[in-house]
Every structure is written in structure tokens, then in C-alpha cells.
Amino acid sequence: MKNGKAVVLVVEDSTIIRMGAVDLVLSAGYEALEACDADEAIRILESRDDVDLVFTDVQMPGTMDGIKLSHYIRDRWPPVRLIVASGEAILEESSLPTGSRFFSKPYDNHVITDAMAHLLSIGNDEWIN
């Protein structure tokens with residue numbers, strides 16, 4: 001978290017849903033970045049060292065879906081918090097990396113912003129274990 005403002009990367013292939021999620025992140029007082037698929041998200045993560053949380057959809061075109069992306073991020077950038085959402089796949093949180101949160105779409109905006117605030121408030125030692 002640089003400049004006191006958390007940076008949240010929204011990964012969503014639907015432009016309308018991505019715009020709504022970006023607005024949600026901004027309204028919660030965070031800086032928002034956006035990617036339309038996992039490949040773009042990884043490029044952003046490789047080029048920046050200030051991403052605190054990734055909020056990703058499950059179903060996406062490209063080389064990996066949101067589940068694979070969340071595991072990849074956990075392995076490569078362990079401190080990055082993860083929120084995964086899906087309108088189709090009802091996931092067991094056990095299929096996600098430890099500490100990740102899953103929400104079904106349509107999600108309640110307050111529930112998502114509360115989850116972001118909670119994940120961003122916990123220390124790295126609590127987050128990764």
C-alpha cells in the first residue's frame with residue numbers, strides 16, 4: 001500500500017461488469033487497475049510492485065481462468081490478497097488458495113467492499129498462513 005491507498009486489480013472479461021467493479025473499488029477509496037483476462041493481469045502484476053489485492057472473475061477467455069490465476073498469483077506474489085467471483089461456478093473456497101474469498105454473482109457491493117477492507121487490514125503473516 002503506497003501513498004496510503006491500496007491498489008486493487010480488477011480482472012473481468014465483461015466490460016460492463018468490469019466498469020462496475022472498478023467504480024466499486026474507487027468508491028471504496030482504493031486505486032483501481034483493470035485487466036480483461038489473466039494474461040493482461042499477469043503483465044500488470046509483473047510491471048508493478050504496488051498491487052495489494054486482485055478481484056477476479058472465474059470464467060474468462062485466455063490461457064487461464066480465475067481459479068488458475070489466483071493460484072498463480074499466490075505462488076508468485078504471495079502477499080497479494082485475492083477475491084474471486086463467479087456467476088456460474090459455485091466454488092468451494094477449498095479450491096482456492098488459502099485466505100482467498102469467493103463470492104457468487106450478482107454480489108452485494110457492500111459485501112465486496114467489506115471483504116476488501118478486511119483482507120487489506122490483516123497482516124501478511126496472517127494472510128499467507
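If you read the sequence from its start, that first residue is 1, and numbering goes on from there.
When all heavy atoms of Asp39 and Gly62 are compared, the pair lying nearest together is OD2-CA, 4.2 Å. Here the shortest heavy-atom pairing between Asp37 and Met60 reads CA-SD, 3.9 Å. Across every non-hydrogen atom of Leu119 and Gly99, the tightest pair is CD2-O, 3.8 Å. A pairwise comparison of heavy atoms in Ala115 and Ile83 identifies CB-CD1, 4.0 Å as the closest pair. Pairing each heavy atom of Ala38 with each of Val11, the nearest pair is N-CG1, 4.2 Å.
Atom CZ of residue Arg101 and atom CG of residue Leu53 lie 11.0 Å apart, to the nearest 0.5 angstrom. Between the CG atom of Asp52 and the CD atom of Glu31 there is a distance of 9.5 Å, given to the nearest 0.5 Å. Distance check, rounded to the nearest 0.5 Å: CD1 of Ile42 to CG of Leu9 gives 10.5 Å. Taken from CG in Leu24 to OH in Tyr107, the straight-line distance is 6.5 Å, to the nearest 0.5 Å. Between Ile122 atom CD1 and His118 atom NE2 the span is 4.5 Å, to the nearest 0.5 Å. The OG atom of Ser86 sits 6.0 Å away from atom CG of Asp57, with the distance rounded to the nearest 0.5 Å.
Using a 4.5 Å heavy-atom threshold, the side chains of Met64 and His71 count as separate. By the 4.5 Å heavy-atom criterion applied to side chains, Phe102 and Ile67 are not counted as neighbours. Within the 4.5 Å cutoff, no side-chain heavy atoms of Lys68 are placed close to those of Thr63. For the pair Thr56/Leu82, no side-chain contact is recorded, criterion being any heavy-atom separation below 4.5 Å from C-beta on. Under the 4.5 Å side-chain criterion, counting only non-hydrogen atoms from C-beta, Leu33 is in contact with Arg48.
Tyr30 has its ring centre no less than 6.0 Å from the ring centre of Phe55.
Within the structure, the salt bridge (charged side-chain N to carboxylate O under 4.0 Å, His left out) test picks out the following pairs touching residues 6-15 (sequence neighbours left out): Glu12-Lys105.
Here the side chain of Arg81 pairs a donor or acceptor atom with the backbone of Pro79 at under 3.5 angstrom. Looking at Asp65, its side chain never comes within 3.5 Å of a backbone N or O of Val58 through a donor-acceptor pair.
A salt bridge does not link Glu40 to Arg18: none of the charged side-chain nitrogens sits closer than 4.0 Å to a carboxylate oxygen.
Note on Met19 and Phe103: separate hydrophobic clusters, where clusters join Ile, Leu, Val, Met, Phe, Trp and Tyr whose side-chain heavy atoms are under 4.5 Å apart, directly or indirectly.
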